[in-house]
Amino acid sequence: MNADDKDAKTILRTLQRGLLLLETLATADEPVNAKTLSRQLGIPIGTCYHLLRTLLDAGHVVRLPGACYDVGPRAASLNRHLQLRSGSPPELAALLMRLRARTHTTAYMTGWHHGSLIIQHYLRASGPDDTPTFDFDFTGALHARAAGKSVLAYLPEERVSVLLGDDDLTAFTPATITNRQALAADFQLVRRRGYAVSVDEFRAHRSCMAAPYFGKEGEPAGAFALSLETERMPQQQHLLAAELRAAADTATHLAQSGRLTVVDTHRRPAVQGRCRPGANS
């Protein structure tokens, strides 16, 4: 038996299904009933009810009137703990607030957390806005999101290959760039103008712009990004790009002058102490 076979045998399918169910509830636009979850995930309805009751008992799920389910307080607390561990420094949060105020769009910023690029903080546009729910993890979508492309454009090719993986790039919409040569050409454009653009590439009728900031060694440490309706892009792109680059330049200056500590990089950290590989729990 090889290592892959051993790993496959240690996967707990019930736990895997439970986590998938919880993720589906967390990313849904509204509470969902068990029959819908069963159909979407391909899980037998009886199993779906068992999973929901288990998650309900643990506080990760709540049952609402109409027999619908939503994320519970314990699951929400996991997100808060993640943000505390990987959240942005106050200096960057202040830059993000100013960016949102000056552009009147939804603004967010990304950074590294254990080798993955995630959203550290975001601020919805004031007033009516149809910004969809944000996924904090960019895994599998770096090529389709401006904040991902703005960082990938400045990484070594071998690191880009690792982050994108060997599989075909996912087409989230007809506009998604899935050809790697075309994506490399887009990276060149990002480096020339200093920011990335995603027009309907991740979600239809939604566009994003992002500008990276850099750490002490010149490595991309994260990005500032703006999300808006695609119809607003043509008349606002020049202004938004200027504001993004200003925020990113200020963050870079703070990081490179030693007034800002970037706690994680694009490399996965070495494991130390009790949590070394093979250590018993």
Side-chain angles (χ1 to χ4, degrees), residues 26-30 76 79-80 82-83 86-111 117-138 141-153 172-173 175-177 186 189-214 220-255 260:
T27 56
D29 293 330
E30 57 186 2
N79 178 51
R80 289 194 294 272
L82 174 60
Q83 291 189 56
S86 62
S88 58
E91 296 90 346
L92 298 189
L95 288 174
L96 188 68
M97 290 180 65
R98 186 174 69 179
L99 183 62
R100 194 270 301 268
R102 293 176 68 91
T103 62
H104 306 288
T105 64
T106 293
Y108 61 98
M109 59 177 300
T110 65
L117 192 68
I118 67 168
I119 294 180
Q120 293 178 316
H121 190 39
Y122 80 95
L123 301 170
R124 287 187 180 273
S126 55
D129 183 53
D130 63 349
T131 304
T133 302
F134 274 92
D135 295 325
F136 277 70
D137 185 1
F138 276 18
L142 286 168
H143 63 290
R145 305 176 75 158
K149 293 195 289 184
S150 69
V151 171
L152 290 177
F172 294 95
T173 73
T176 306
I177 299 174
D186 197 34
L189 184 58
V190 171
R191 292 191 291 269
R192 282 203 303 270
R193 63 189 177 190
Y195 66 93
V197 175
S198 170
V199 179
D200 297 340
E201 292 181 41
F202 185 63
R203 285 190 174 92
H205 312 300
R206 197 79 193 176
S207 293
C208 290
M209 300 175 62
Y213 72 96
F214 303 87
F224 288 87
L226 299 171
S227 174
L228 67 159
E229 300 89 345
T230 295
E231 63 183 19
R232 293 174 53 192
M233 278 286 286
Q235 67 270 28
Q236 295 194 25
Q237 182 170 338
H238 182 73
L239 169 65
L240 299 181
E243 294 293 345
L244 277 168
R245 287 184 303 213
D249 288 347
T250 301
T252 297
H253 176 71
L254 289 172
L260 176 70

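- Judged by distance alone, the side chain of T230 and the main-chain N or O of V199 form no donor-acceptor pair under 3.5 Å.
- R145 CZ to R206 CZ: the interatomic distance, rounded to the nearest 0.5 Å, is 11.5 Å.
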Query raised in the report: Please walk me through it: do R100 and Y122 pass side-chain contact (heavy atoms from CB on, under 4.5 Å)?
Result: CA-CA 9 Å; R100 194 270 301 268; Y122 80 95; over 6 Å; no
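- Smallest separation of non-hydrogen atoms from D200 and S207: N-OG, 3.9 Å.
- Smallest separation of non-hydrogen atoms from A147 and T110: CB-CG2, 3.8 Å.
- Counting only distance, with no hydrogens or angles, the side chain of T176 and the backbone of E201 share a donor-acceptor pair below 3.5 Å.
- Scored by the salt bridge (charged side-chain N to carboxylate O under 4.0 Å, His left out) test, D186 finds K149 as partners (sequence neighbours excluded).
- L123 CG to M97 CE: the interatomic distance, rounded to the nearest 0.5 Å, is 7.0 Å.
- Here the OG1-CZ distance, from T252 to F214, works out to 6.0 Å after rounding to the nearest 0.5 Å.
- For T103, the side-chain hydrogen bond (donor to acceptor under 3.5 Å, both in side chains) criterion is met by T105, not counting sequence neighbours.
- Qualifying side-chain contact (heavy atoms from CB on, under 4.5 Å) partners for A94, counting only residues two or more places apart in sequence or in other chains: none.
- Separating the CG atom in L228 from the NE2 atom in H104 is a distance of 13.0 Å, to the nearest 0.5 Å.
- Considering all non-hydrogen atoms of both residues, S198 and A146 come closest at CB-N, 3.6 Å.
- Atom CZ of residue R245 and atom OG1 of residue T250 lie 13.0 Å apart, to the nearest 0.5 angstrom.
- Counting all heavy atoms, side chain and backbone alike, A223 lies closest to S150 at CB-OG, 3.4 Å.
- Taken to the nearest 0.5 Å, the OH atom of Y213 stands 13.5 Å off from the CG atom of D249.
- The 12-atom threshold is not exceeded at CD of E231, counting heavy atoms of other residues, nucleotides or ligands nearer than 6.0 Å.
- The minimum heavy-atom distance linking L92 with F224 is given by the pair O-CE2, 3.9 Å.
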Donor-acceptor pairs under 3.5 angstrom involving side-chain atoms of residues 189-197: please list them, not counting sequence neighbours.
| unit_1 | atom_1 | unit_2 | atom_2 | d |
| --- | --- | --- | --- | --- |
| R191 | NH1 | A153 | O | 2.6 |
| R193 | NE | Y195 | O | 3.1 |
| Y195 | OH | Q237 | NE2 | 3.3 |

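- Applying the salt bridge (charged side-chain N to carboxylate O under 4.0 Å, His left out) rule to R102 yields the partners E243; only residues at least two apart in sequence or on another chain are considered.
- A ring pair (Phe, Tyr, Trp, His ring centres under 6.0 Å) check over residues 232-253, counting only residues at least two apart or in different chains, returns nothing.
- The two residues A225 and A210 come nearest to each other via the heavy atoms CB-CB, 3.8 Å.
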